[in-house]
Amino acid sequence: MGSLRGADDVETIGEQFESRLFRKHYLIKGLLWAVLLYGSLVLSIIAYCNPALLPFNPLSYVFNIEVSPFFAFSQGSEYFPKPHGVRIVALVPFHYHERTAILDCYLQNNLVQNRGLLDQVVFIPQTDDAFSLQWLDALVQKTPEYAISVGEDDMDWKFTQANVLYVRIDGDVVFLEDHTIPTIVKTRLEDPDSLMISANVMSEGALSSLHSHHGVALPYLPELDEADQDPQTNGQSHSDWHASNLPLWNGPAAFVIEKEFRPPFQGHRWLPVAEEGLDRDPIASAMRRETGPSLQEWTVSAQHHYSFLDHLESNTLSRYKFPLWKNPPEAVSSTLGCFWGKDAAALRELYGQQTASEGLSTIWTASDGSHPNITIDGKGLASHYSAEMAVAGLDSTDLLERYHAYAQENVCRPTR
Ligand SMILES: *[C@@H]1O[C@H](CO)[C@@H](O)[C@H](O)[C@H]1NC(C)=O
């Protein structure tokens with residue numbers, strides 16, 4: 001209609017004025033959009049290259065990326081340089097060479113010469129097995145930073161020196177994150193009120209219920225029939241640690257893990273279960289059935305380890321994590337902890353009181369009447385292969401081979 005009007009038409013003049021105003025509007029809007037797009041582009045690049053630089057991950061709004069609230073502390077966190085003037089020594093109680101052979105790869109990566117924090121690693125033999133001791137001798141010969149303690153005491157407390165920082169790692173630890181040792185050392189240095197900083201040891205002590213939550217523990221059941229294991233039928237070789245290559249569990253519909261379940265056969269695997277919520281895996285059965293296993297049984301432990309390897313592959317280890325937990329109400333795992341040499345005497349008392357499956361009590365009173373603080377640093381994970389709970393339990397699974405295969409593929413240095 002506007003084209004029919006003359007230039008002197010009041011309404012036409014108004015329209016021309018409006019259209020000028022519109023053009024100006026579009027110009028400003030366009031500029032704003034350009035700035036916005038450029039900003040998101042920069043953010044996306046930062047988020048993709050180094051997510052730890054941002055307090056949140058903008059990509060997660062676009063793609064379905066799981067963001068842990070503590071992301072900055074775990075994966076992609078900054079390199080923590082070795083503090084000046086502090087000597088850091090690992091104490092490693094040694095039991096089984098098959099397990100310590102896996103830990104060795106992680107320890108190597110934590111040595112000062114490989115940009116780690118450990119100046120020295122001292123193994124403390126806890127076995128009389130001649131072959132294992134020979135193996136340990138040979139291992140120590142190969143690495144100048146490795147030594148064997150002369151004492152036989154579990155902690156070799158006399159060895160400890162006041163101004164040295166100790167990291168006690170059980171020789172049966174079969175997985176550590178790159179930052180697990182740095183984070184407990186850093187927390188120990190920053191927290192003068194704690195006697196010891198324990199790492200986030202998968203499913204041990206006070207963490208057992210946290211790590212049994214739905215979505216952390218995944219539904220897994222043991223394969224029942226050895227015939228199913230034929231590599232030709234399932235295409236999986238024995239040195240593969242990937243959970244994604246496991247076939248789905250296939251067994252009787254009414255199958256449930258009961259108390260004192262016996263291992264089906266040596267070298268058996270645990271397989272993911274398609275249908276959830278039937279309360280027949282060990283953890284669900286332990287929590288919801290009277291006839292279910294106790295949380296200390298090997299079946300519960302097996303499910304925890306298979307769930308852990310599953311999360312390790314799918315990059316969802318953040319589900320296990322939290323920042324710090326000071327004096328949890330239940331006992332703390334004694335598997336991996338950091339302390340000053342000056343506190344060795346107090347820790348000797350504390351370690352002396354623990355019972356095999358319980359860990360370190362946080363309601364313990366020292367002989368001088370004080371109540372020491374123990375803190376769990378939830379940012380760095382460790383997995384402990386502890387098969388002592390039921391003879392022939394965990395050892396009848398292929399878990400150790402899986403941890404070994406993972407380390408060979410991702411952790412061990414090629415020169416060794
Ligand atoms: C434990 O921590 C509290 C608060 O952080 C502190 O006041 C107390 O002195 C600590 N206890 C010991 C024995 O260091």
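When a ligand or atom number is given, it counts from 1 through the structure's own listing order.
- Note that CG of Asp104 and CG of Asn109 are 9.5 Å apart. Values are rounded to the nearest 0.5 Å.
- Applying the salt bridge (Lys or Arg N to Asp or Glu O under 4.0 Å) test to pairs two or more places apart or on separate chains, those with a residue in residues 189-207 are Lys186-Glu190.
- Within the 4.0 angstrom cut-off, atom 7 (O) of ligand 1 has no protein heavy-atom neighbours.
- Protein heavy atom closest to atom 4 (C) of ligand 1, with residue, atom name and distance, is Asp193 OD2, 3.9 Å.
- Atom CG of Asp178 is surrounded by 12 or fewer heavy atoms from other residues, nucleotides or ligands within 6.0 Å.
- By the side-chain hydrogen bond (donor to acceptor under 3.5 Å, both in side chains) test, Arg262 is found to be paired with no residue, residues two or more places apart in sequence or in another chain being considered.
- Contacts between His371 and ligand 1, counted as non-hydrogen atom pairs separated by less than 4.0 Å, involve the backbone only.
- Nearest-heavy-atom check against atom 10 (C) of ligand 1 across Asp343, Asn327, Asn373 picks out Asn373.
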